[in-house]
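Structure incoming, see below.
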There are 4 protein chains.
Amino acid sequence: MAPRSDEQFEAMRQNTIQRITHSALQLFSEKGYKNTSVAEIAKRAGISKGLIYNYYDSKEEVLKGVIEGFRSMKDEIVQEGVTIENALDQFFMMIEHQIGFVKMMMSFSLDVNEMPIVEEFVHEKAEEGIQLYTPLLEKIGFEDPETEAWFLSTLLQGTAILTIVSHEDYPLEKMKKKIYQRYKINKA
Amino acid sequence: MAPRSDEQFEAMRQNTIQRITHSALQLFSEKGYKNTSVAEIAKRAGISKGLIYNYYDSKEEVLKGVIEGFRSMKDEIVQEGVTIENALDQFFMMIEHQIGFVKMMMSFSLDVNEMPIVEEFVHEKAEEGIQLYTPLLEKIGFEDPETEAWFLSTLLQGTAILTIVSHEDYPLEKMKKKIYQRYKINKA
Amino acid sequence: MAPRSDEQFEAMRQNTIQRITHSALQLFSEKGYKNTSVAEIAKRAGISKGLIYNYYDSKEEVLKGVIEGFRSMKDEIVQEGVTIENALDQFFMMIEHQIGFVKMMMSFSLDVNEMPIVEEFVHEKAEEGIQLYTPLLEKIGFEDPETEAWFLSTLLQGTAILTIVSHEDYPLEKMKKKIYQRYKINKA
Amino acid sequence: MAPRSDEQFEAMRQNTIQRITHSALQLFSEKGYKNTSVAEIAKRAGISKGLIYNYYDSKEEVLKGVIEGFRSMKDEIVQEGVTIENALDQFFMMIEHQIGFVKMMMSFSLDVNEMPIVEEFVHEKAEEGIQLYTPLLEKIGFEDPETEAWFLSTLLQGTAILTIVSHEDYPLEKMKKKIYQRYKINKA
DNA sequence: CATGAATGAGCTTTCATTCAT
DNA sequence: TATGAATGAAAGCTCATTCAT
């Protein structure tokens with residue numbers, strides 16, 4: 001019988017990679033990286049332990065894969081004509097829909113685990129934030145827009161962490177409103 | 001040799017417990033809970049591995065011990081006559097001098113799902129914060145003091161995490177000033 | 001496309017087998033049997049892993065194939081009119097040009113206890129040597145030619161192993177000369 | 001209760017180390033390094049897998065331990081007043097009583113396993129042999145004693161390997177006699 | 001005949017915990 | 001009370017082998 005075509009193989013590969021990164025993200029954010037075993041990732045992905053090593057050289061590479069997935073997804077926002085409102089919308093969208101990933105990244109950035117890719121990513125994001133917010137805040141009249149950008153970052157990071165940790169009690173909607181107000185954004 | 005008195009034994013016990021929790025706190029905040037072995041704690045404490053199990057039933061109990069240490073230490077602040085200024089001073093003191101512990105607790109609250117004591121502690125702290133700040137903020141004229149208390153918590157948590165993660169870039173002093181100003185506190 | 005003829009298929013088969021045994025021999029002697037993976041053999045042979053199992057039932061069978069290749073190659077020498085000089089020439093030719101195979105075989109005969117075919121082959125070779133050398137040595141006047149045959153084998157095995165292990169220091173040419181002299185062979 | 005004394009601990013340690021190196025030597029020479037698992041070593045030593053790692057950092061370190069054991073054992077021979085007879089006696093003693101270790105070392109020196117300690121040891125032994133034999137052979141009248149030393153080494157290595165491989169057929173006693181005769185040693 | 005994704009047993013190693021002294 | 005040797009479950013990873021196409 002003829003072997004599978006390249007397209008077939010590629011489709012299988014992509015499907016498997018999807019399953020791996022998907023399960024890994026779930027588990028890493030649920031239980032942390034250290035508390036998640038490769039066996040568990042495999043189990044949740046519905047594949048064998050060994051297969052993971054067909055795609056990633058190590059558990060750490062799986063993590064990198066997960067992060068890369070997000071990295072390649074983000075550049076859309078940094079565009080012309082973006083406003084502070086867009087940026088905040090974007091942030092709250094993430095909080096509301098990708099909280100798992102956010103949790104995982106926060107968890108990593110606190111774990112001092114000698115993972116260059118994580119530190120890099122976190123630094124990159126922090127700097128990116130400042131560089132994105134500063135001109136937008138200047139545009140709407142802040143006198144020291146860079147300091148205000150750090151203030152905004154502080155608020156957003158605080159929002160993220162409290163959303164994760166005190167999910168039930170935290171009045172996310174009210175905070176959101178207060179933050180939007182600070183920047184004169186009127187959400188009906 | 002004359003047998004030691006009960007007091008002497010008790011003093012030895014307390015000393016040993018001190019050494020264990022002290023080393024554990026250091027290591028947990030340096031390397032994380034999972035990355036710290038019981039052997040390392042013992043080594044840094046200058047005692048044997050076995051002795052730890054004379055005082056704690058498990059590594060997790062050691063962690064509880066560390067947390068309890070902080071728990072029992074905090075109630076001093078919640079006193080009569082305390083002002084919002086005192087509370088913020090207290091918080092920034094912690095950020096500046098106990099960042100290791102803060103980091104450890106944040107790390108735990110993100111990482112570990114199966115550690116009731118940690119979640120409890122984190123919740124307790126969050127609630128305590130709200131309950132402490134609310135009346136203080138009311139006193140200085142905030143209309144919706146509870147919402148403002150959450151806003152303040154958001155700011156403080158954000159400050160903590162950015163201090164930990166972006167230590168070199170984060171303009172802590174400027175943030176501090178902005179926060180104090182918000183609450184009309186004039187630090188010369 | 002016209003279906004290939006049986007001869008064509010057979011030629012393809014032979015070609016594939018060749019590539020497999022060739023790569024396997026190379027790798028086994030470079031890195032040892034245990035340190036060589038089936039994947040590597042396939043890669044060096046330029047075929048897929050699975051195809052190897054079309055020709056051999058297991059990695060061990062591949063090894064057998066390699067050995068068989070040598071087995072079937074040797075009988076030429078044991079001919080009429082052969083002299084001790086021919087036999088030694090043959091041996092040193094092997095040392096000088098097939099050291100990889102020699103090394104592999106030695107390695108196996110020392111390493112592996114559960115590979116009947118290897119032990120068999122080694123025994124066979126040893127016995128073959130004795131049976132080949134004995135009459136030749138008798139012809140040139142040795143009183144106890146069988147003992148001398150063992151002595152010669154000892155010398156040759158020692159030469160082989162030292163050539164492999166102390167390649168840089170071992171004075172192979174001098175040893176060769178001494179051995180030829182012992183049997184009154186005058187190589188100008 | 002008082003903890004065990006230092007002497008008691010040391011005795012336990014020595015006993016365990018003995019058991020580990022003993023089992024390891026046995027298994028490595030029976031089945032080769034790669035074919036022996038740490039679990040097997042532990043089982044034969046009558047201890048747990050984990051305990052081995054209390055004494056050695058890795059399986060490779062266990063091997064080093066085994067080799068070191070022999071290394072430290074050998075220097076006795078290289079003494080004043082030693083004769084070629086003593087040296088040969090020593091060698092055959094080894095062949096007759098330590099064949100397991102010899103087999104293991106030969107196996108390693110053939111396995112190209114990137115084990116510096118093994119290669120070092122083998123080289124050391126080879127050179128040591130030449131340097132030991134050369135003056136002894138000069139003393140008994142050999143014209144080119146260094147070349148003869150290599151010839152002798154060749155004979156001894158050949159003897160070793162044939163003893164290992166063709167144990168049942170190899171006429172060790174006869175070879176021994178022939179070798180002694182070559183050096184004018186008269187063993188009644 | 002040929003492919004390579006997928007499996008799972010087995011390997012080395014780590015480490016919280018136990019226990020005889 | 002104090003010690004550290006000893007245990008064993010579980011982790012990350014490798015690789016010979018299978019199988020749908």
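Throughout, a chain's letter reflects where its sequence line sits, starting with A, and its residues are numbered from 1. This one's a predicted model, so the numbers in the text were calculated from it and none came from an experiment.
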For D:Tyr56, check side chain to side chain contact (heavy atoms under 4.5 Å, CB included) against everything at least two apart and list the hits.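 For D:Tyr56, the residues satisfying side chain to side chain contact (heavy atoms under 4.5 Å, CB included) (neighbours in sequence not counted) are D:Ile17, D:Ile20, D:Thr21, D:Glu61, D:Val62.
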Indicate the atoms forming the closest heavy-atom contact of A:Ala39 with A:Lys49, along with that distance.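 Looking at all heavy atoms of both residues, the closest pair is CA-CG, 3.8 Å.
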Please report the distance, rounded to the nearest Å, between CD in A:Glu61 and C1' in F:dC13.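 These atoms are roughly 14 Å apart.
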Taken to the nearest whole Å, CG/A:Leu51 to P/F:dT14 is 14 Å
Which pair of heavy atoms, one from D:Ser58 and one from D:Tyr53, lies closest together, and at what distance? CA-CE2, 3.9 Å
Is there any protein nitrogen or oxygen under 3.5 Å from a nitrogen or oxygen in nucleotides 16-19 of chain F, and what are the pairs?
| residue | atom | partner | partner atom | Å |
| --- | --- | --- | --- | --- |
| F:dA16 | OP1 | C:Lys59 | NZ | 3.1 |
| F:dA16 | OP2 | C:Val38 | N | 2.7 |
| F:dT17 | OP2 | C:Tyr53 | OH | 3.0 |
| F:dT17 | OP2 | C:Lys59 | N | 2.8 |
| F:dT17 | O4 | C:Lys49 | NZ | 3.3 |

In whole angstrom, what separates B:Lys43's NZ from F:dT3's C1'? 16 Å
Stretch residues 8-17 of chain A: residues that reach within less than 4.0 Å of DNA chain E through a heavy atom: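 Residues of residues 8-17 of chain A that come under 4.0 Å of DNA chain E are, in numerical order, A:Phe9, A:Met12, A:Arg13, A:Thr16.
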Rounded to the nearest angstrom, tell me the gap between atom OH in D:Tyr56 and atom C1' in F:dA5.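 Taking atom C1' of F:dA5 as the reference, OH of D:Tyr56 is at 15 Å.
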B:Ile20 CD1 to F:dT3 P: how many Å, rounded?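 Interatomic distance, CD1 of B:Ile20 to P of F:dT3: 11 Å.
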Does the structure place the NZ or CZ of A:Lys103 under 6.0 Å from the centre of the six-membered ring of A:Phe108, at an angle of no more than 45° from the ring's axis? no
With nearest nucleotide decided by heavy atoms, which residue, A:Ser48 or C:Ile47, maps closer to the 5′ end of DNA chain E? C:Ile47
Side-chain donor/acceptor contact of D:Asn54 with base of F:dA5 under 3.5 Å: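 No such pair is found, so the answer is no.
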Tell me the interatomic distance from A:Ile41, atom CD1, to F:dA11, atom P, rounded to whole angstroms.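 It works out to 11 Å between those atoms.
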Distance-only, no hydrogens or angles: does the D:Gln8 side chain make a donor-acceptor pair with backbone N or O of D:Ser5 under 3.5 Å?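 Indeed, once roles are kept as given, a pair shorter than 3.5 Å links the two residues.
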Under-4.0 Å salt bridge between B:Glu30 and B:Arg44: yes
Row check, C:Tyr33 ring normal vs C:Lys59 NZ/CZ: under 6.0 Å, within 45°: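 The answer is yes; both the distance and angle limits are met.
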CD (C:Glu124) with more than 12 external heavy atoms under 6.0 Å: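 Atom CD in C:Glu124 is packed in, count exceeds 12.
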With a non-hydrogen cut-off below 4.0 angstrom, is A:Tyr55 in contact with a base, only sugar-phosphate, or nothing?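 Answer is sugar-phosphate: A:Tyr55 comes under 4.0 Å of backbone atoms only.
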Stems where DNA chain E pairs, listed by first number, each of three or more Watson-Crick or G-U pairs under 3.5 Å: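 Stems found: E:2-21 with F:2-21.
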Under the salt bridge (charged side-chain N to carboxylate O under 4.0 Å, His left out) test, residues paired with D:Glu60 that sit two or more places apart: none
Length of the CD1-C1' vector between C:Ile52 and E:dG4, whole Å: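 Computing the C:Ile52:CD1 to E:dG4:C1' distance gives 12 Å.
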Ignoring hydrogens, what is the shortest heavy-atom contact between B:Ala24 and B:Val66? Give both atom names and the distance. CB-CG2, 3.9 Å
Set of residues satisfying salt bridge (charged side-chain N to carboxylate O under 4.0 Å, His left out) with respect to B:Glu120, sequence neighbours excluded: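 Result, salt bridge (charged side-chain N to carboxylate O under 4.0 Å, His left out) vs B:Glu120: B:Arg71.
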